[in-house]
Amino acid sequence: MTFRVFLMALAFAPPLSGCGLQPLYSGGASSGVAQGLAAIDVPSIPGRDGWLVRNALRERLGAAGDVGGYRYRLDVRLDDALEALGVLNDDTISRELRILRSRYQLVDLTTGEILLDATAGSDAGIDVVSSEYATIAAEQRALENLAQEVASRMVTRVALTLRERERAGAQ
């Protein structure tokens, strides 16, 4: 069975290579996109959610190492909400929805030009159980997971913007 899959992969490889898709980080840590990501400053974001998102962003952006100065700044504003979803007959909440939304702007520090103005967000469902501690722990874990997801979406969008900018500069 494995040999069959290998043969199918070989059969489809030539058509796929001509479709124009390119890896975002081709060239590894020395690529223009990776160097651009490493040159982004992320100022402090208020709140625990901001601390989590900023740390996740800095972890993802700094993958190429220190480039010796910032060329861009990523300004981030967060909106974190906890909403009741399921309400039982006795008016107790049985399910909550944690929503984390981000509005962010990528600013070129040399020109002051806003290169990207976008939003990212994600949400998570939480079961409300009889143990208050367990519910609070679930809410906090949901926030941690959402911070990682939102940061990942933001970095992907920023990387695409930097790649488009690099391509436009090469032409």
Side-chain angles (χ1 to χ4, degrees), residues 5 21-26 28-29 31 33-67 70-109 112-166:
V5 172
L21 292 177
Q22 281 185 309
L24 186 58
Y25 300 105
S26 63
S31 72
V33 172
Q35 293 295 312
L37 290 175
I40 296 175
D41 178 33
V42 182
S44 293
I45 308 168
R48 183 170 192 278
D49 55 351
W51 181 79
L52 289 167
V53 170
R54 182 174 188 247
N55 284 345
L57 285 169
R58 292 179 70 182
E59 179 181 299
R60 285 167 174 76
L61 295 173
D66 186 16
V67 295
Y70 295 117
R71 290 183 291 177
Y72 308 103
R73 183 182 70 239
L74 188 63
D75 295 326
V76 180
R77 288 189 307 258
L78 294 175
D79 181 28
D80 178 25
L82 197 57
E83 297 180 1
L85 275 184
V87 180
L88 300 176
N89 289 339
D90 61 354
D91 288 333
T92 59
I93 298 170
S94 64
R95 189 128 172 98
E96 294 176 329
L97 182 66
R98 183 137 212 179
I99 304 166
L100 184 63
R101 299 285 181 256
S102 162
R103 170 130 191 253
Y104 58 100
Q105 293 180 327
L106 181 65
V107 180
D108 186 328
L109 293 176
E113 177 186 4
I114 296 174
L115 305 175
L116 175 65
D117 186 357
T119 60
S122 191
D123 52 75
I126 302 163
D127 287 329
V128 177
V129 295
S130 60
S131 168
E132 188 175 333
Y133 173 78
T135 301
I136 292 170
E139 291 170 354
Q140 293 303 314
R141 186 63 183 165
L143 179 60
E144 293 167 6
N145 291 340
L146 291 173
Q148 293 290 326
E149 177 66 26
V150 168
S152 181
R153 290 178 186 205
M154 291 168 59
V155 169
T156 300
R157 185 77 186 271
V158 167
L160 289 170
T161 300
L162 292 176
R163 183 176 72 177
E164 290 171 11
R165 185 176 167 94
E166 184 181 329

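The chain is numbered in sequence order, starting from 1. Predicted, not measured: the structure shown is a model, and the values here were computed from it.
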Might you point out which heavy atoms bring Ala151 and Ala56 nearest each other, and give the distance in Å?
CB-CB, 3.5 Å
Closest non-hydrogen contact found for Arg71 with Gln35 is NH2-O, 3.5 Å
Who are the salt bridge (Lys or Arg N to Asp or Glu O under 4.0 Å) partners of [X], not counting sequence neighbours?
X	result
Asp108	Arg165
Arg77	none
Glu96	none
Arg54	none

Could you give the side-chain donor-acceptor pairs of residues 119-133 under 3.5 Å, partners two or more places apart or in another chain?
| from | atom 1 | to | atom 2 | distance (Å) |
| --- | --- | --- | --- | --- |
| Asp127 | OD1 | Arg95 | NH1 | 2.6 |
| Ser131 | OG | Ala134 | N | 3.2 |

Can you list every side-chain hydrogen bond (donor to acceptor under 3.5 Å, both in side chains) pair that touches residues 98-107, not counting sequence neighbours?
Asp80-Arg98, Arg103-Asp117, Gln105-Asp117
Starting at [atom1] of [X], measure out to [atom2] of [Y] and round the result to the nearest 0.5 Å.
X	Y	atom1	atom2	result
Leu162	Arg157	CG	CZ	12.0 Å
Thr161	Tyr72	OG1	OH	10.5 Å
Asn145	Leu100	CG	CG	11.0 Å
Leu78	Trp51	CG	CH2	14.0 Å

Any residue meeting side chain to side chain donor-acceptor pair (under 3.5 Å) with Arg73, in chain and number order, not counting sequence neighbours
Asp75
Using modelled atom types and a 3.5 Å cut-off, is there a donor and acceptor pairing between side-chain atoms of Thr156 and backbone atoms of Ser152?
yes
Side chains of residues 38-49: which donor-acceptor partners sit under 3.5 Å, not counting sequence neighbours?
| from | atom 1 | to | atom 2 | distance (Å) |
| --- | --- | --- | --- | --- |
| Arg48 | NH1 | Gln140 | OE1 | 2.8 |
| Arg48 | NH2 | Glu144 | OE2 | 3.4 |

